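Structure, as C-alpha cells:
Every value quoted in this text rests on a predicted model; they were computed, and no experiment measured them. Below, all heavy atoms of this structure are taken into account, side chains as well, without hydrogens, waters or symmetry copies. For reference, positions follow the sequence shown, starting with 1.
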Amino acid sequence: MNFFTYVDCFSAHNHIQSLCVYDGGGYASPDVSIVIPTFRRPALLEHALLSALNQECAENYEVIVVDNDGEAQDKETWDIIQKHKHPRLRYFRNSENLGMFGNWNRGLLLARGHWVTILHDDDVLAPDFLRTMRRHYLAGDASRRLLSCEISILDERSSLPQTMSFLGLLRTKLTRYAEGKLKERVLDDYFYGYPHSGTLGIVFHRESAISLGGFNHRDYPSADYFFFTKYVERYGSAHLVSCLGTYRIAKNESLRDEVMVAWIKQGYEFRCVMSERHYPRSRWRRFLCKVITISQAYQVRKAWGGRYDVPLLLRSINSSLGMVNPIIAAFYGILSRIRMAFFYIRQN
C-alpha cells in the first residue's frame with residue numbers, strides 16, 4: 001500500500017451540505033483560521049471555543065465551529081454558540097455526519113484563512129498561541145512549512161494525583177533549556193513516530209493541505225499521522241519550544257483495544273513504506289521498522305491502559321522477535337529518550 005499516493009478525500013462528501021447557522025461577519029480574508037470540529041460535547045466545546053476567541057492578539061483571525069451532528073439533536077451546542085456570539089465566529093452544521101476525518105476536511109474547505117490550525121473540541125489553546133506562533137508561520141509563507149509547538153497533557157482518566165514519569169521530567173528539563181527556540185524537524189523525525197498530539201498546536205498552509213487531498217478517512221485512526229508526514233515531506237516542518245496548548249486525555253474511543261492495535265499495525269506498514277520510499281537499500285531501516293513497532297506495542301498498552309495480547313499482535317504483522325521482545329522494547333525506549341534529548345539540544 002502506498003500511503004503517499006494522492007487521494008481526493010474531499011469529493012466523497014461533496015453531496016453533503018454544511019449549513020451556516022451563525023456568521024459574525026468578521027474578517028473576509030483572515031491570516032489564520034482556527035477550525036473546531038465538534039460532535040455532541042457542548043461542555044468541552046465551550047472551553048475550546050473560549051480559548052480560541054480570547055486570543056491575546058489583534059490579528060485578523062477567524063474561529064470556525066463545524067458541528068458534525070447531522071440530526072441536530074444537541075441544542076446545548078447551539079446555546080453555547082449563542083452565548084458566545086463574536087464577530088470572529090462562524091458556526092456550521094453538517095446535514096449528515098461526515099465522520100471525524102471527513103469533518104476535518106470540511107473545516108479546511110470552509111476556512112478562509114491562508115493558514116489553519118485544527119483545535120479538537122476537548123483541547124484548549126493558550127491565550128498567546130497565535131501571538132507567539134504568528135511570526136513563525138507568516139515567516140514560512142514561502143516554504144509553507146508546518147509549524148508546531150509544545151503542549152501540556154491533562155489526563156482525566158483517574159481522580160488519583162498524577163506523578164510525572166521520568167520521560168516527563170526529562171522533557172520538562174529539556175524544554176526549559178530550549179524555551180523559545182525554533183527547531184527544524186526533518187522527515188526522519190516522522191519515521192520514528194508521530195511527534196504531535198492529534199492536530200493540537202499545528203499550524204499549516206490551507207491551500208497546500210487541500211492540494212495534498214486532505215485527511216483520508218480510510219486511514220483511521222492514523223490519518224493525521226499519515227497526512228502530516230506527507231505534508232512535511234513536501235513542505236518541511238519546524239517546532240517552536242513553547243507550551244501553547246493543553247491536550248485532554250479522557251475515556252473515549254481512542255482508548256479501545258481495537259483502535260490501539262490498528263494504530264500500531266498501521267504505523268508498522270507506514271514505516272515500511274517510508275523505508276522503501278526513502279531508504280530502499282537499507283536493511284537496517286527495515287529491521288528498525290520492526291524494532292519501533294515492538295517498542296510501541298508495549299508502550300501504547302501501558303500508556304493507554306490497553307489489554308491486548310502484545311506477542312499475538314506482533315506475530316500477526318511479522319514483527320515478533322520472540323522472547324527478546326520485552327528487552328528490545330526497553331532498550332529502544334532508552335534510545336528514544338536519547339534521541340528526544342538530542343532534538344532539543346541540537347543546534348539548527
Side-chain angles (χ1 to χ4, degrees), residues 120 122-123 148 150-175 189-201 219-226 228-229 243 245-272 287-344:
H120 302 304
D122 58 343
D123 297 334
S148 61
E150 294 289 314
I151 57 96
S152 62
I153 303 294
L154 176 60
D155 193 340
E156 296 183 336
R157 291 174 294 175
S158 173
S159 58
L160 297 176
Q162 299 291 321
T163 58
M164 187 172 290
S165 65
F166 169 77
L167 183 60
L169 288 170
L170 175 62
R171 185 161 190 154
T172 298
K173 294 289 186 182
L174 292 170
T175 52
D189 293 323
Y190 289 78
F191 172 82
Y192 288 92
Y194 187 49
H196 310 294
S197 295
T199 61
L200 178 61
D219 291 333
Y220 178 86
S222 307
D224 48 353
Y225 177 23
F226 301 164
F228 284 122
T229 302
C243 186
T246 300
Y247 181 81
R248 189 191 307 267
I249 301 177
K251 289 188 177 296
N252 56 37
E253 185 176 272
S254 299
L255 302 181
R256 292 187 289 115
D257 273 359
E258 53 266 39
V259 176
M260 297 182 222
V261 168
W263 188 82
I264 294 166
K265 287 184 175 182
Q266 288 178 341
Y268 172 68
E269 294 171 0
F270 187 61
R271 277 185 289 275
C272 288
F287 177 72
L288 191 56
C289 291
K290 294 186 177 183
V291 171
I292 295 173
T293 303
I294 291 170
S295 179
Q296 286 188 343
Y298 285 95
Q299 289 177 356
V300 169
R301 187 178 67 172
K302 180 180 179 181
W304 296 93
R307 297 183 179 182
Y308 55 85
D309 188 325
V310 172
L312 180 63
L313 165 61
L314 295 175
R315 286 196 299 271
S316 71
I317 53 178
N318 197 29
S319 287
S320 176
L321 295 178
M323 298 295 291
V324 296
N325 282 343
I327 299 174
I328 290 174
F331 179 70
Y332 183 77
I334 295 172
L335 292 181
S336 64
R337 288 173 174 82
I338 296 173
R339 192 173 186 281
M340 181 190 72
F342 179 71
F343 172 78
Y344 284 102

With a 4.5 Å limit on heavy-atom distance, are the side chains of Tyr332 and Leu288 in contact?
yes
Does a side-chain heavy-atom distance below 4.5 Å link Ile264 with Val300?
yes
Please round to the nearest 0.5 Å and tell me the distance separating atom [atom1] of [X] and atom [atom2] of [Y].
| X | Y | atom1 | atom2 | answer |
| --- | --- | --- | --- | --- |
| Leu313 | Asp309 | CG | CG | 8.5 Å |
| Asn325 | Thr293 | CG | OG1 | 11.0 Å |
| Ile328 | Ser320 | CD1 | OG | 8.5 Å |
| Lys290 | Tyr268 | NZ | OH | 5.0 Å |
| Thr199 | His120 | OG1 | NE2 | 3.5 Å |

Would Leu312 and Arg315 count as a side chain to side chain contact (heavy atoms under 4.5 Å, CB included) here? Give the steps.
CA-CA 5 Å; Leu312 180 63; Arg315 286 196 299 271; 3.9 Å; yes
Measure from the side-chain N and O atoms of Ser336 to the backbone N and O of Gly333, and report whether any donor-acceptor pair falls under 3.5 Å.
yes
Under 3.5 Å, side chain of Tyr298 to main-chain N/O of Ala330, donor-acceptor pair present?
no
For a quick test of reading the model, state the closest non-hydrogen atom pair linking [X] to [Y] and the distance between them.
| X | Y | value |
| --- | --- | --- |
| Gln296 | Trp263 | OE1-CZ3, 3.7 Å |
| Tyr344 | Glu150 | OH-OE2, 2.6 Å |
| Cys243 | Ile151 | SG-C, 3.7 Å |
| Arg256 | Tyr220 | NH2-OH, 4.3 Å |
| Tyr190 | Tyr225 | O-OH, 2.6 Å |
| Arg248 | Asp123 | N-OD1, 2.9 Å |

Please test His196 against Asp224 for side chain to side chain contact (heavy atoms under 4.5 Å, CB included), starting from the C-alpha separation and ending with a verdict.
CA-CA 9 Å; His196 310 294; Asp224 48 353; over 6 Å; no
Go through it in stages, so that I can follow the logic: the residues are Leu321 and Phe287, the test is side chain to side chain contact (heavy atoms under 4.5 Å, CB included), and I'd like the CA-CA distance, side-chain angles, deciding distance and then a yes or no.
CA-CA 11 Å; Leu321 295 178; Phe287 177 72; 3.9 Å; yes
Under 6.0 Å between ring centres, would you say that holds for Phe226 and Phe270?
yes
Would you call the rings of Phe228 and Tyr194 parallel, tilted or perpendicular, taking 30° and 60° as the class edges?
parallel
Evaluate the criterion side chain to side chain contact (heavy atoms under 4.5 Å, CB included) for residue pair Ile249 and Trp304; output intermediate values, then yes/no.
CA-CA 9 Å; Ile249 301 177; Trp304 296 93; 3.6 Å; yes
